[in-house]
Each structure stands twice: as C-alpha cells, then as structure tokens.
Amino acid sequence: MAFGVCLACAGATSAGTASASDDLIAKAFALQARYLAEEALSYEHGEGVPRDQPYAARLYCESARLGDPEGMYALAWMYANGRGVERNDAYAGTLFAMAAKLGNAHAERMLRFTGEYTGAVPDCLHTPSELLAQRWPVEALVARLPPARQQVARLLIELAPSYGVQPQLALAIALTESALNPQALSPKNAMGVMQLIPETAQRFNVSQPYDPEQNIRGGLAYLRWLLAYFEGDVALAAAAYNAGEGAVNRFRGVPPYSETRAYVERILRHVGDGRHPYDSNVVAPSPMLRTLRLARQEDHDT
C-alpha cells in the first residue's frame with residue numbers, strides 16, 4: 001500500500017514538473033515572438049535602424065509563426081497594402097483572422113474588408129525560418145551606437161572571427177557586460193569591455209585589462225574556450241561567462257541565479273540560435289555533458 005502511495009506521489013510530482021516546464025517553454029516562445037515583432041516595427045518604419053520593409057516582413061512572419069497576434073496583424077497589414085511584400089489579399093485575410101482569433105481587436109475590425117476566408121498563408125508560416133540567426137544584423141546595430149562605442153564594436157567584430165566566435169555572440173556578450181565601455185569596472189572587479197575578472201585576465205594573458213584590444217582578445221579567447229568546453233551550447237557558455245564554468249558544472253546546466261538566468265535569456269534573444277560552431281581542439285568537453293546526456297536518456301527511457 002505504501003509503495004502504491006509513493007508511486008502516485010512521484011507521478012504527481014513528475015506531472016507538476018512537466019507542467020511547469022511546459023509553461024516556461026510557452027513563455028519563452030511568447031517573449032521571443034514579441035521581441036521579433038518589436039524589432040520588425042523598428043525596421044518597418046526606420047526607427048533607430050535603416051528602413052527595410054522586406055526584412056521587417058520576414059521578422060513579422062517569424063513572430064507570427066511563433067504565435068504573436070501583433071506580428072500576425074502587422075504582417076497582414078503589409079500583405080493587404082503591398083508594403084515590403086507583394087500584395088496578397090488571401091494571405092492578409094488569413095493573418096487578420098488568426099490575429100482576431102487570438103484577441104486582436106484591430107484585426108477583428110479588418111475582417112469585414114478582407115473578403116472570403118481561404119486559409120492561405122505565406123511559406124514562412126509553413127516551415128521554420130532561417131532568419132533567427134540573421135535577425136540581429138551587426139551593421140544595423142553598430143549604426144545605432146554612439147561614435148565612441150562604434151569604434152569598440154568594430155574592433156570586436158573584426159577580431160571575433162579569428163577566435164572562432166560569431167560577431168553576433170561577441171557583441172551580445174560585450175553589450176550585456178559593459179555596454180562596450182573600455183573603462184567599465186564592476187563591484188566584483190570585472191574590468192573593461194568584456195568585464196574580465198583578474199583571474200580570467202591572468203588566465204588569458206591580459207596584462208592591460210583597460211586596453212580595449214587586449215581586453216577584447218582575452219574575452220574572445222575565454223568565449224572560444226567556453227564554447228569548446230560546452231560543445232557549442234550557447235546557453236551554457238553564456239551562463240559560464242556570467243557565473244563561471246564551475247557553477248554550470250555543479251548545477252548541470254544554467255545555475256538558478258536570477259542574474260545568470262536573465263543574462264542567458266538576453267544573450268539567446270540577441271543571437272537567436274542555441275548552437276554555435278566550436279573547435280574541439282581547444283579543450284576537452286566538460287564531463288558534466290556526458291552525465292547530463294545519460295540522465296536525459298534515462299528519463300526518456302523511463
């Protein structure tokens with residue numbers, strides 16, 4: 001009897017955990033979709049970035065694919081008016097209907113003008129788009145920065161590929177760490193553009209941490225090491241950059257620190273892709289990865 005009770009308890013706990021996990025995933029998709037729609041709005045109207053309506057339409061389409069009603073409505077409007085895309089009333093009608101079903105009042109009012117519903121949608125709603133990895137155009141971002149920060153950003157962009165680090169990831173880290181300020185100093189003595197603590201600076205041969213080039217090279221070397229250590233997992237590498245690889249190993253994933261989780265979420269939102277190329281010759285992978293895979297496999301088998 002006691003054994004049966006324990007099984008029931010375990011089942012309830014497992015179901016509760018699964019539900020919580022599903023809620024977190026749904027929230028993450030919703031946040032991603034909302035972010036894309038906001039970025040699209042900037043490119044549609046040229047607010048702080050070069051006006052690029054075709055690119056805005058691609059961003060809106062990805063947002064709509066992820067379920068954002070504002071993205072659906074905005075894309076429908078573009079198709080209805082031939083703005084950035086070829087006019088297509090059938091696509092517009094479907095997208096307005098989708099947005100209206102999700103509670104968008106503006107879309108509800110537009111339904112009277114769109115004609116008979118056909119269910120036709122643009123191709124980008126059928127298959128996963130490739131624009132996630134492209135949606136943070138480096139040049140457009142740099143153009144929005146103050147002149148002093150632009151110089152630092154361009155140095156970072158120039159150096160990143162030689163360390164096997166994609167410019168989008170390098171910029172995301174540097175902007176989050178210091179807003180590209182070469183003189184930044186944190187309460188924990190993290191220094192410069194890439195916010196290197198003294199131990200990390202020493203580890204990667206940075207003798208002048210407030211020299212922008214030295215600091216950036218040290219930060220990129222550390223990022224290259226982390227990407228290899230965590231086999232290209234951007235979330236784990238970002239978490240380790242913020243909290244240290246020891247903490248990631250100890251918690252077998254992103255540590256449950258609110259600062260670190262917010263940090264990782266921001267980096268992933270900017271780069272848009274959870275995987276990054278890495279050089280396996282830099283360092284052997286973390287033993288934690290094998291343990292984590294085995295645990296996941298056991299959970300799956302169970």
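Residues take their numbers from the sequence shown, with the count starting at 1. Everything quoted here is computed from the prediction, not taken from an experiment.
- Interatomic distance, OG of Ser207 versus CD of Gln202, reported as 11.0 Å (0.5 Å rounding).
- Counting only heavy atoms from C-beta outward, the side chains of Val254 and Val248 never approach each other to under 4.5 Å.
- Expressed to the nearest 0.5 Å, how far CZ of Arg58 lies from CG of Leu36 amounts to 11.5 Å.
- By the side chain to side chain contact (heavy atoms under 4.5 Å, CB included) test, Thr200 pairs with Leu196, Ile197, Phe204, Tyr222, sequence neighbours left out.
- Grouping Ile, Leu, Val, Met, Phe, Trp and Tyr residues whose side-chain heavy atoms lie under 4.5 Å apart, directly or via other members, places Tyr210 in a hydrophobic cluster with Leu185, Met191.
- Partners of Phe230 under the ring pair (Phe, Tyr, Trp, His ring centres under 6.0 Å) rule, at least two apart in sequence or in another chain, do not exist in this structure.
- The neighbour count for Gln183 CD, taken as heavy atoms of other residues, nucleotides or ligands under 6.0 Å away, is above 12.
- Residues that satisfy the side chain to side chain donor-acceptor pair (under 3.5 Å) test with Tyr229, not counting sequence neighbours, are Asn249.
- Among all heavy-atom pairs drawn from Ala99 and Ala107, the shortest one is CB-CB, 3.6 Å.
- Taking both residues in full, the closest heavy atoms of Tyr263 and Ala238 are given as CE2-O, 3.3 Å, listed atom of the first, atom of the second, then distance.
- In plain terms, the two heavy atoms of Pro182 and Pro212 that are nearest each other are CB-CG, 3.9 Å.
- Note that CG of Leu226 and OH of Tyr241 are 8.5 Å apart. Values are rounded to the nearest 0.5 Å.
- One hydrophobic cluster, built from ILVMFWY side chains closer than 4.5 Å, holds both Val206 and Val282.
- The salt bridge (Lys or Arg N to Asp or Glu O under 4.0 Å) pairs that include a residue from residues 193-211 are Arg203-Glu245, where partners are two or more places apart or lie in different chains.
- Expressed to the nearest 0.5 Å, how far CD1 of Ile267 lies from CG of Leu171 amounts to 10.5 Å.
- Note: the hydrophobic cluster containing Met288 also contains Val234 (ILVMFWY, side chain heavy atoms under 4.5 Å, direct or indirect links).
- Within the structure, every pair that satisfies the salt bridge (Lys or Arg N to Asp or Glu O under 4.0 Å) test and touches residues 67-78, not counting sequence neighbours, is listed here: Arg34-Asp68.
- Side-chain contact check for Leu289 versus Leu236: some heavy-atom pair is nearer than 4.5 Å.
- Checked by atom type and distance alone, the side chain of His270 never pairs as donor or acceptor with a backbone atom of Gln168 at under 3.5 Å.
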Let me have the donor-acceptor pairs involving side chains of residues 152-164, under 3.5 Å, with sequence neighbours excluded, atom names and distances please.
from   : atom 1 : to     : atom 2 : distance (Å)
Arg154 : NH1    : Glu139 : OE1    : 3.2
Ser162 : OG     : Leu159 : O      : 2.6
Tyr163 : OH     : Arg217 : NH1    : 3.1

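- For the pair Leu111 and Gly93, the tightest heavy-atom approach, listed with the atom from each and the gap, is CD2-O, 4.3 Å.
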**Item:** Criterion side chain to side chain contact (heavy atoms under 4.5 Å, CB included) on His276 and Leu169, from CA distance to verdict
**Value:** CA-CA 9 Å; His276 188 291; Leu169 176 58; 3.6 Å; yes
**Item:** Audit row: Leu180, Gln150, side chain to side chain contact (heavy atoms under 4.5 Å, CB included) steps and yes/no
**Value:** CA-CA 9 Å; Leu180 297 171; Gln150 283 190 27; over 6 Å; no
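- Between Leu95 and Tyr79, the closest heavy-atom pair is CD1-CD1, 4.0 Å.
- A continuous path of ILVMFWY side-chain contacts below 4.5 Å connects Leu145 to Ile173, so both sit in one hydrophobic cluster.
- Although no hydrogens or angles enter the test, the distance criterion places a donor-acceptor pair under 3.5 Å between the side chain of Arg261 and the main chain of Pro255.
- For Glu108, there are no salt bridge (Lys or Arg N to Asp or Glu O under 4.0 Å) partners two or more places apart in sequence or in a different chain.
- Between Asn189 and Pro198, the closest side-chain pair of non-hydrogen atoms falls below 4.5 Å.
- Residue pairs meeting the salt bridge (Lys or Arg N to Asp or Glu O under 4.0 Å) criterion with at least one member in residues 44-55, sequence neighbours excluded: Glu44-Arg83.
- The salt bridge (Lys or Arg N to Asp or Glu O under 4.0 Å) contacts involving residues 168-188 comprise nothing, where partners must be two or more places apart or lie in separate chains.
- Of the possible donor and acceptor atoms, one in the side chain of Gln195 sits under 3.5 Å from a partner among the backbone N and O of Gly192.
- Trp77 has its side chain within reach of Met110: a pair of non-hydrogen atoms, C-beta onward, lies under 4.5 Å apart.
- The shortest heavy-atom contact between Val85 and Ala57 is CG1-CB, 3.5 Å.
- The CG atom of Asp233 sits 9.5 Å away from atom CG of Leu227, with the distance rounded to the nearest 0.5 Å.
- The distance from atom CE of Met194 to atom OG of Ser178, rounded to the nearest 0.5 Å, is 8.0 Å.
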**Item:** side chain to side chain contact (heavy atoms under 4.5 Å, CB included) assessment of Arg149 paired with Asn181
**Value:** CA-CA 7 Å; Arg149 297 290 186 263; Asn181 180 4; 3.7 Å; yes
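- The only member of Arg65, Met78, Glu39 that meets side chain to side chain contact (heavy atoms under 4.5 Å, CB included) when paired with Tyr60 is Met78.
- Applying the ring pair (Phe, Tyr, Trp, His ring centres under 6.0 Å) rule to His45 yields no partners; only residues at least two apart in sequence or on another chain are considered.
- When the shell of 6.0 Å around CD of Gln53 is examined, it contains more than 12 heavy atoms from other residues, nucleotides or ligands.
- More than 12 heavy atoms of other shown residues, nucleotides or ligands fall within 6.0 angstrom of atom CD in Glu38.
- Relative orientation of the Tyr55 and Tyr43 rings is perpendicular, given thresholds of 30° and 60° on the angle between their planes.
- In Trp225, the CH2 atom is crowded: over 12 heavy atoms of neighbouring residues, nucleotides or ligands sit closer than 6.0 Å.
- Looking at residues two or more places apart in sequence or on another chain, you find a side chain to side chain donor-acceptor pair (under 3.5 Å) between Thr260 and Asn242.
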